[in-house]
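Keep in mind it's a predicted model, so treat the numbers as computed, not measured.
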Amino acid sequence: MIEYNNYKDSPLWDSSLPLEKRLDYLVANLTLEEKLHCLTTGCPTIPRLGITQFYLGGEAAHGIEARHDQAFNKGECIHTTAFPQPIGMSATWDTELLERIGESVGNEARVVYQTEKNGRLCCWAPTIDMERDPRWGRTEEAYGEDPYLTGKMASAYIKGMRGKDPFYIRCGASLKHFYANNVETDRIKISSSIDPRNKHEYYLEPFRRAVIEGKAEAMMTAYNEINGIPCIVNKEVQTIVKDQWGLQGHIVCDGADMQQTVNDHKYFSSHAETIAYGLKAGIDCFVDDGVVIVAAAREALERNLITIEDIDRAIRHSFGTRIRLGIYDALPRNPYANVPEDFLCCDEHCALTLEAATKSVVLLKNENDLLPLTKDTTENIAVIGPLSDVWFKDWYCGQPPYTITPLAGIKDTAKNATLLTTNGCDKIQLQYKDSYIGLDENSGLILTDKEHASTFLYTNWGFGSSTLIDLSNNLYISIDDDTNRISATKKEAFGWFIKEAFDLKQQEDGSYYIDTWNDKHVYIDENNTFTAREDMDYSAFTMHIIEDGIKSAVDAAKKADKAIVFLGSNPMINSKEEIDRTDIILPPYQEELIKAVYDANPNTILVLITNYPYAINWEQEHIPAIVYSTSGSQELGHAIASVLFGETSPAGRLNMTWYTDISCLPDINDYDIIKGKRTYQYYDGKVLYPFGYGLSYTNFTYRDLSIEQQDFATIKVTATITNTGATSSDEVVQLYVHQEDSRTIRPQKGLKGFSRIRLAPNESKQVTFTVPTRDLQYFDVVNNTMLLESGTYHFLLGASSEDIRLQDTLYISSQPIGTRNMSKTTAFDRYDWYDNAYLHEGPMGYTCVLPKNTTKTMVLTYNDVMLSMPKNTIVINYHAITDTKLQVFFGEQILMEQTLEHNDNFREVQFTFSESLLPLNTISTLTFSTEGNCKLGYYQFQYAMEEIK
């Protein structure tokens, strides 16, 4: 070790030196114990090197989260600007806006760091998991169902966070979650079955773009397995993310995932194996208990599972990020250091979140131009609904300095209107035998007489979740899990577990049983105390409606000229991390409410505040105007009011398909978007609202489409857009491409460009898209790589994926695909089509294919098969869990029928015949059919006694 009298004289702190020299000094001067501790997302305080604790983590999904309201980070709240949820930011289709938001988030991260001095400069955001299924609980956190849109929008956010300096970064973005992570149930142990086409064309694509274009600093792996291999030990982290894409910074696993690899995946028997294989796969930091991490790494060293070089490599990556953040500069060179404190929640950031929230609003329907309402109106307007005068935090939200509810926004905007307000929820009292529920001096629930009974605001969020607010203190009813006591003591329904959510279940006799959030039964014990336990019988309660919420809403609607009904989701109850939706319908009570209001007043406007699509079929048929907004922005109410009252013409666009009902969706665990016909790319049924959809208060015409292939690498597309209406507005011009006559199933259309432009009445602008031919490639299973296929490409320009205004074709010439080389080893997962197949871990790094249902036949087909030389042997690598009948066909001709006998592991077997198996120089389809439980690894055609290649 080299000692310096002043650590700032050491190479680590010499900002004039190359990064690698600074890291060389660091790893040479850390002790083994210090290195082991650096495998956490933190680092120990090392005074002789000038290193203080610095945490690589924090949340910044739509603003910096610095609430400090959880047990693991208790402290004084730091207010930060709250932007729309990521699904809302993406609905703006405005990359320039996203970059400005990212910059503001990065600056606020700097201010928080300057206050706390413990990290938060490399944030775990953005979440860019592909949203193939609207039931996913974390839909609010990501950017939609399209990989191009997600990659572009997330890259813009990342660029803003990072800044433009060639070396230093303002704030590092850590992409979540690598990859195919779209199910909350059993997420810490489930395996996602992903074939090569789905992987490369869909699930990896936004990550690739965010690393290469966005220059993301870091990445977080997912909880799930990919084809049987936990993401924490997925070698693609190293081989693809680092080696191919060139990720500059570091990789972290998800929280507690190292231990889950043993405890839940049961993939290894020791944490030492997990940390060893994780390090070799490319993981640099483990987000687990530090004591467990250090012990596991020490054991891995002692067992020779890793070397000190493996640890040093990880440390270089994590400290490379810290150095680029400017943490260890003796002479200040970092342009992002010392951000003024008044950047935090400044007026500019508040205006930016208002702009983002306003631009994200989507107009879904506007029959007879009911909208916009007149800002100076003196009409009576009923403002109704459980979302009308509330603002909800979500799990990854910061604490904003203020919040604007929809009602507050309307009051500020339509100052001359007379507002008739009701949330449309029942006010109730609950009776038990001859007594009523009330509160004691500590706000605990007790039995009392009718005179002292509590009246509760009862909000039914549907699907077994309701909240009760005691109107005497305006606090939520909640359960204390330690004591099982129930009291009215919470200001909001918020936490990792929502203990303020109850299930009021009506019985045949009209009484109600009540369950807590974790399925404990609410009952009155022998001391007349309210408590809950799993092993006790229910107490039966009678509900008395003191004020009928729907009747109040109808009364208001009847007195009003217009009725605005605010419905949607509570982001902490209906769907969130660890909670998937079971259906895509509105909560039944909300459906009943909107129907009653519409019957009372046909001039009803529905405003949905939700972070995922709903199947609002009745509403689309009957309600004349429908507006959609996501939650999250502290300026939510002003943004909605701005659109409703015509200050802004809406131009938000849907980033997810809105389906008509749940029957349109395959099993939520089915990740094959091609065969499952998921997303607008492959779904061929009727939809409620298509991807890219959104209306305006004006009209636009499209003309003069021009398509020019400038060189092999790029295609230029231009068109002219004109605002033919009387209102200034943005338009989102969308470019889609479809290839015809492909050798395989290709998307019906795929987004390849978009531009949000501003046009005054009668103004025209030319839009230009430069499409790299790389974006037209698909993953070819014949050559096992991404390639561009020769053929005719349709370029479709329009206002949504279904509203195509202009189109033309271009023939693109590329390299021939050729036929499958059957003389080389072919992995079974390189099929063109399958039935009843599932992918899992196979032999020697291969992915194997096995039947999803072992009682049914599994079929695998491989197109474009041809032999130019005679082969009389098939080599098959398989693991037969039970005796399995195998049939192999070439076209309609059966080549062989064998029984693959049960064996304990994968083995390679040759089946040799007297004549050549395939007719030479004939192109056809090879089909494998199995009956039984058998895993197939790879196959190859040989001549007898050839060695496998």
Side-chain angles (χ1 to χ4, degrees), residues 195-197 674-675 741-745 779-785 787 789 816-839 842-843 846-852 856-880 883-901 906-949:
D195 65 27
R197 280 201 63 197
I674 302 172
K675 194 169 190 293
D741 301 326
S742 174
R743 70 167 297 277
T744 189
I745 300 171
F779 189 86
D780 178 58
V781 292
V782 172
N783 296 282
N784 205 36
T785 188
L787 58 75
E789 187 177 18
I817 293 173
T819 57
R820 291 179 182 265
N821 186 344
M822 306 310 294
S823 298
K824 290 187 176 181
T825 303
T826 299
F828 271 103
D829 69 341
R830 286 170 55 188
Y831 47 68
D832 284 286
W833 186 86
Y834 69 91
D835 188 40
N836 187 38
Y838 185 76
L839 301 177
Y846 285 90
T847 296
C848 73
V849 187
L850 64 154
K852 193 170 186 179
K856 296 182 179 180
T857 300
M858 178 176 74
V859 179
L860 308 172
T861 64
Y862 305 82
N863 297 336
D864 301 313
V865 172
M866 186 185 77
L867 283 181
S868 57
M869 297 182 65
K871 305 290 181 181
N872 66 345
T873 299
I874 300 181
V875 176
I876 298 178
N877 177 279
Y878 70 92
H879 173 201
D883 288 353
T884 298
K885 177 183 177 182
L886 169 69
Q887 291 181 310
V888 184
F889 298 85
F890 184 69
E892 299 296 323
Q893 173 190 354
I894 187 166
L895 299 181
M896 61 172 284
E897 183 173 327
Q898 296 285 336
T899 296
L900 304 179
E901 296 181 351
F906 283 95
R907 67 177 179 181
E908 187 179 290
V909 176
Q910 294 186 0
F911 299 96
T912 302
F913 302 86
S914 59
E915 297 180 357
S916 179
L917 285 164
L918 304 182
L920 299 183
N921 301 314
T922 300
I923 301 175
S924 190
T925 297
L926 188 68
T927 302
F928 291 81
S929 171
T930 67
E931 296 178 15
N933 189 359
C934 183
K935 301 178 180 180
L936 301 177
Y938 56 81
Y939 66 91
Q940 180 190 0
F941 282 73
Q942 297 180 350
Y943 196 69
M945 305 308 294
E946 283 186 35
E947 291 186 3
I948 193 165
K949 299 176 183 178

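The side-chain heavy atoms of Ile876 and Val909, taken from C-beta on, include no pair separated by under 4.5 Å. Side-chain contact between Tyr938 and Gln940 is absent, with no heavy atoms from C-beta onward closer than 4.5 Å. Taking the side chain as every heavy atom from C-beta outward, Trp833 and Lys675 approach each other to under 4.5 Å. Side-chain contact between Gln942 and Gln910: present, with at least one pair of heavy atoms (C-beta onward) separated by less than 4.5 Å. Between Val888 and Thr927 the shortest side-chain heavy-atom distance does not fall below 4.5 Å. You'll find the side chain of Cys934 stays beyond 4.5 Å of the side chain of Leu850, heavy atoms only. At least one side-chain heavy atom of Val875 sits less than 4.5 Å from a side-chain heavy atom of Glu908. Counting heavy atoms from C-beta on, the side chains of Thr857 and Asn836 never come closer than 4.5 Å.
Shortest non-hydrogen contact noted between Val849 and Ala837 is CG1-CB, 3.7 Å. In plain terms, the two heavy atoms of Tyr878 and Leu936 that are nearest each other are CB-CD2, 3.9 Å. Gly818 and Asp864 make their closest contact through O-CB, 4.3 Å (heavy atoms, listed as atom of the first residue, atom of the second, distance). Contact detail for Arg197 and Thr744: the closest heavy-atom pair is NH1-OG1, 3.3 Å. The two residues Asn877 and Pro843 have their closest heavy-atom pair at OD1-CG, 3.0 Å.
The distance from the NZ atom of Lys935 to the CG atom of Leu839 is 12.0 Å, given to the nearest 0.5 Å. Interatomic distance, CD1 of Ile745 versus CD1 of Ile674, reported as 7.0 Å (0.5 Å rounding). To the nearest 0.5 Å, atoms CE (Met858) and CG (Asn933) are separated by 9.5 Å. One distance of note links CZ of Phe890 with CE of Met866; it measures 9.5 Å at 0.5 Å rounding. In this structure, OG1 in Thr826 is found 8.5 Å from OH in Tyr846, a value given to the nearest 0.5 Å.
Using modelled atom types, no side-chain atom of Glu789 and backbone atom of Ser742 make a donor-acceptor pair closer than 3.5 Å. Using a distance-only test at 3.5 Å, with no hydrogens or angles considered, a donor-acceptor pair links the side chain of Asn783 to the main chain of Ile817. A distance-only check finds no donor-acceptor pair linking the side chain of Asn872 to the backbone of Thr912 [under 3.5 Å]. Checking side-chain atoms of Ser916 against main-chain N and O of Lys871 turns up a donor-acceptor pair under 3.5 Å.
Taking the six-membered ring where tryptophan is involved, the planes of Tyr834 and Tyr831 are tilted, since the angle between them lies from 30° to 60°.
Using a cutoff of 4.0 Å between basic side-chain nitrogens and carboxylate oxygens, Arg820 and Asp832 are scored as salt-bridged. Salt bridge absent: Lys856 and Asp835 never bring a charged side-chain N and a carboxylate O closer than 4.0 Å.
A donor-acceptor contact under 3.5 angstrom links the side chains of Asn863 and Thr925, judged on distance only.
Centroid-to-centroid, the aromatic rings of Tyr862 and Tyr939 come within less than 6.0 Å.
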**OP:** Go through the steps for Leu900 and Phe911 under the test side-chain contact (heavy atoms from CB on, under 4.5 Å), then give the verdict.
**Re:** CA-CA 11 Å; Leu900 304 179; Phe911 299 96; 3.6 Å; yes

Original post:
Should Leu926 and Phe889 be marked as a side-chain contact (heavy atoms from CB on, under 4.5 Å) after you check the CA-CA gap, both sets of side-chain angles, and the distance that decides it?
Top reply: CA-CA 6 Å; Leu926 188 68; Phe889 298 85; over 6 Å; no

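Residue-environment remark: CE (Met896) exceeds the threshold of 12 foreign heavy atoms within 6.0 Å.
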